[in-house]
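All heavy atoms count here, side chains included; hydrogens, waters and symmetry mates do not. No experiment lies behind these values; they were computed from the predicted model shown. Convention: sequence-line order gives letters A, B, ...; per-chain numbering from 1.
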Amino acid sequence: RRSQQDGLSRDEIQRYSRQLLLAEVGTGGQVRLRNSAVAVVGTGGLGSPCALYLAAMGVGTLGLVDHDTVDHSNLHRQIAHTTAACEGAARKVVSAHAALARLNPQCRVRTHDVLLESANALEILRGYDVVVDASDNAATRYLVNDACVMLGIPLVSGSAVRVDGQLTVYNYNGGPCYRCLFPAPPPAATVATCSETGVLGVVPGIIGCLQALEVVKVVTGRKEDEPPSMLLFSYKAHPHFRSIKLRGRVPTCAVCGDAPTVTGLVDYAAFCGAGPSDCPQTLDV
Amino acid sequence: RRSQQDGLSRDEIQRYSRQLLLAEVGTGGQVRLRNSAVAVVGTGGLGSPCALYLAAMGVGTLGLVDHDTVDHSNLHRQIAHTTAACEGAARKVVSAHAALARLNPQCRVRTHDVLLESANALEILRGYDVVVDASDNAATRYLVNDACVMLGIPLVSGSAVRVDGQLTVYNYNGGPCYRCLFPAPPPAATVATCSETGVLGVVPGIIGCLQALEVVKVVTGRKEDEPPSMLLFSYKAHPHFRSIKLRGRVPTCAVCGDAPTVTGLVDYAAFCGAGPSDCPQTLDV
Amino acid sequence: MADTGAGDEQLKVTVEFGGGLDMFVKKERLQMVDGAKKAIVRMARQTGGKGTTIRRLIEHIGEDYLKASTDLFCTGSTLRPGILVIINDADWEITDDGMDKYDYKLQDEDEIVFVSTLHGG
Amino acid sequence: MADTGAGDEQLKVTVEFGGGLDMFVKKERLQMVDGAKKAIVRMARQTGGKGTTIRRLIEHIGEDYLKASTDLFCTGSTLRPGILVIINDADWEITDDGMDKYDYKLQDEDEIVFVSTLHGG
Ligand SMILES: [Zn+2]
Ligand SMILES: [Zn+2]
């Protein structure tokens, strides 16, 4: 369903010339990027910069998954969207697609203007080389994780709340999946409510850029040299970044373990005590 | 010349609601951002994300300084620009201004479509609360540093080449200036030539976002708690980030020291052995 | 600090609370160290004749460091789901050779980070 | 490594080359350690009856580690302008109490980073 050519066109050579000069990318890496398909789940604070940089750097096919519309309170961080899109209550995937097309019309964009659910996740995510979790709630994070384990796709997971951010590549090269680290969901009472939570605009910007970097590392193969790790970011910590060595895949994990008990997608709203739609404003956080 | 009101408009409250919830910003911090003026020198790989996030987060006045036009080889990293701007050979400050206006028309943008030089730098940068160095050559970096020292303006300096990036706040709170760290310019032979050098698109994205964060920290006062430091980023290092404790202001520094010998802007092309225009493609790096 | 005592019989660990967990900690328990808020915790080197464990540290934090509703952090010595424990920049599961991770014996100058996983974006 | 010898009389430091300086270093001198390329350098603990300094380390790198044209890195023991030296995550100027920074005495397990300043954007 997508071109798997080996060479680069004249336009591509011109556009990506500064990356072709790099030993870390070169023609081989650029072709791999062009031949890759990456799904970005969520086109908000994380998905905006991540999708923009993936398209800019030359990922050939991007899938955008979101079911929301652009709102005024999105624009302090969701830089793929515009005030005009907000005033027209545009669908986020449509608005994000327009931004990607302005920047790089060579990037093929597939929009999935739906809520990702157990009923559609495997069908939507199947065939992508990497999935980016840029979502905003626990239920979707477990859903995306389990789908990636079942489909055998590396998952580049980022999150950002208030002034903190986190970044991990799950289900990759002997490392853990999300459930290996968090077998039980947090009690609903400990998840900050929508009205209590905010986010500093550039924090998802930083994490979203770093997600794009991790995608490049997975696609070009550089990531194989790295042991499993989680990057923690906090405006309050100094230094702001801390890299943590992570456990490997956990043999007793319910989904990626040696004898999994979760072998199909389940009801994640019930599992987490709250679904993605229980609190619409969470989508803005 | 700019409004210094204390309150926020209804539009501002709506747009920045997720930041008003944060203890680290709140109404006070948001008003400080709105009343601040930040100059961004360079609207390329670093300046694109930095200016976008500064406008998104609510910095009231942004000055954009660049004398270049948009080129195809810019677009793999300079996400404020568009393929259409490139095809029309648009001025970079004009193209960047359009992107900021799409995202946040409330941000007042001043464009300086000139090469920053000794003859105009003090006039252009005077009055800004923070200067962002998002430039691309040694001569401009010394020029911007010296101008900031002479004007008493904190300098948020970022750089990105190949797969590496660096970030420091100079001339702030007892910390060093650029010349304190680098009293002598590197020999011209050690500066990679244009054709040898490239850059991975998202690396200036990461550093530019972090420059926007440092601006927020300076404007809201949080930065005062931090000792001087430099953040090093490398795709090749693991972990990618390393924070270095820096020396304080150096009493013998030629420009910010106790008995400065550089008391007016000098000829930086002669000082560095190469000016910003000696090698036009450097502007793309 | 509240828990001072004979230096040699005490160990000192640094504790940070990330991912928003700092909101549950009493302000006076945190101090600015090199630009970040940390708790410097001093505890007896031995508890009941054995090395003091991270289980005891969690109990101690639950008893003395939290503002209220400690179940947002722990119940007794058991952390609530969704909190990672990082000991000297490594996930505490890595130290686990079949050992209960709560039995990890604290070492002087250990840097412990409790961090809540984040779901937003 | 080329410079092995009696363990006790040697010290071991880890050296990284950042900001593009790795391009000047012989490939076989760098090894992958935890996902990053580093040089593990073993040197005599004493040089001429005194502790081995970073000056000696720079000379040693200039003699044995660089591909060619060592003046892109150093001339003798003097680094070219535009290179920062980072010792255990601190700018080496911080250790300077009026002491010549080149006289810093290496300690076993020191982590040294040489990093070239970057001008691009
Ligand atoms: Zn698992
Ligand atoms: Zn100075």
Side-chain angles (χ1 to χ4, degrees), chain A residues 11 14-25 49 52-54 56-58 72-73 75-79 81-84 102-105 162-163 195-203 205-206 209-210 212-213 216-217 222 225-227 229 231 235-236 238-243 284-285, chain B residues 11 14-25 49 52-54 56-58 72-73 75-79 81-84 102-105 162-163 195-203 205-206 209-210 212-213 216-217 222 225-227 229 231 235-236 238-243 284-285:
Chain A
D11 278 1
Q14 193 178 28
R15 183 179 280 263
Y16 307 118
S17 58
R18 294 300 182 275
Q19 288 181 170
L20 299 176
L21 292 168
L22 299 174
E24 292 76 12
V25 182
L52 284 167
Y53 278 102
L54 290 176
M57 288 189 286
H72 275 105
S73 65
L75 295 175
H76 83 288
R77 70 191 185 288
Q78 303 188 11
I79 62 166
H81 304 302
T82 63
T83 299
R102 278 193 296 269
L103 181 57
N104 188 355
R162 286 177 294 259
V163 293
S195 58
E196 285 166 2
T197 316
V199 62
L200 181 64
V202 78
V203 174
I206 294 162
C209 285
L210 290 167
L213 182 82
V216 172
K217 285 159 59 181
R222 190 268 188 256
D225 295 329
E226 291 181 8
S229 66
L231 187 70
Y235 182 91
K236 294 187 200 179
H238 187 79
H240 292 322
F241 291 98
R242 188 191 286 266
S243 177
D284 297 332
V285 169
Chain B
D11 278 0
Q14 193 179 27
R15 182 179 280 264
Y16 307 118
S17 58
R18 295 300 182 272
Q19 288 180 171
L20 299 175
L21 292 167
L22 299 174
E24 292 77 11
V25 182
L52 283 167
Y53 277 102
L54 290 176
M57 288 190 287
H72 275 104
S73 65
L75 294 176
H76 83 288
R77 68 192 187 286
Q78 303 188 10
I79 62 165
H81 305 302
T82 63
T83 299
R102 278 194 295 271
L103 181 58
N104 189 355
R162 287 176 294 259
V163 294
S195 58
E196 285 165 3
T197 316
V199 62
L200 180 65
V202 76
V203 173
I206 294 162
C209 285
L210 290 167
L213 183 82
V216 171
K217 284 158 61 181
R222 190 268 187 256
D225 295 329
E226 291 182 6
S229 66
L231 188 70
Y235 182 90
K236 295 188 202 179
H238 187 77
H240 293 320
F241 291 99
R242 187 190 286 265
S243 178
D284 295 333
V285 170

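When each of A:L52, A:V163, A:L231 is scored by its heavy-atom pairs under 4.5 Å with chain B, the top score falls to A:V163. Between chain B and the options A:P239, A:S243, A:G205, the largest number of non-hydrogen pairs under 4.5 Å is found for A:G205. In terms of non-hydrogen atom pairs under 4.5 Å with chain B, the most contact-rich of A:D11, A:N104, A:L20, A:T82 is A:T82. Chain B forms the most heavy-atom pairs under 4.5 Å with one residue out of A:R242, A:R222, A:H240, A:E226, and that residue is A:R222.
Residue contact with chain A, scored on non-hydrogen atoms closer than 4.5 Å, involves the backbone and the side chain of B:I79 alike. B:H238 touches chain A through its side chain: at least one heavy atom from C-beta onward sits under 4.5 Å away, while N, CA, C and O do not. Residue B:V25 touches chain A through its side chain alone, counting heavy-atom pairs closer than 4.5 Å. Heavy-atom distances place both the backbone and the side chain of A:L103 under 4.5 Å from chain B.
Residues meeting the side chain to side chain contact (heavy atoms under 4.5 Å, CB included) test with B:V216, sequence neighbours left out: A:L200, A:Y235, B:L33, B:M57, B:T220. When the side chain to side chain contact (heavy atoms under 4.5 Å, CB included) test is applied to A:P105, the partners found at least two apart in sequence or on another chain are A:R15, B:T83.
Note: B:L75 CG to A:Q14 CD = 9.5 Å, rounded to the nearest 0.5 Å. With rounding to the nearest 0.5 angstrom, the NE2 atom of B:H76 is 4.0 Å from the CD atom of A:Q19.
A:V202 and B:A212 make their closest contact through CG2-CB, 4.1 Å (heavy atoms, listed as atom of the first residue, atom of the second, distance). Listed here is the closest heavy atom pair of A:C209 and B:I206: CB-CG1, 3.7 Å. Minimum interatomic distance between A:Y53 and B:G201 (heavy atoms only, all atoms of both residues): CE2-O, 3.6 Å.
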Audit row: B:E24, A:R162, salt bridge (Lys or Arg N to Asp or Glu O under 4.0 Å) steps and yes/no = CA-CA 9 Å; B:E24 292 77 11; A:R162 286 177 294 259; over 6 Å; no
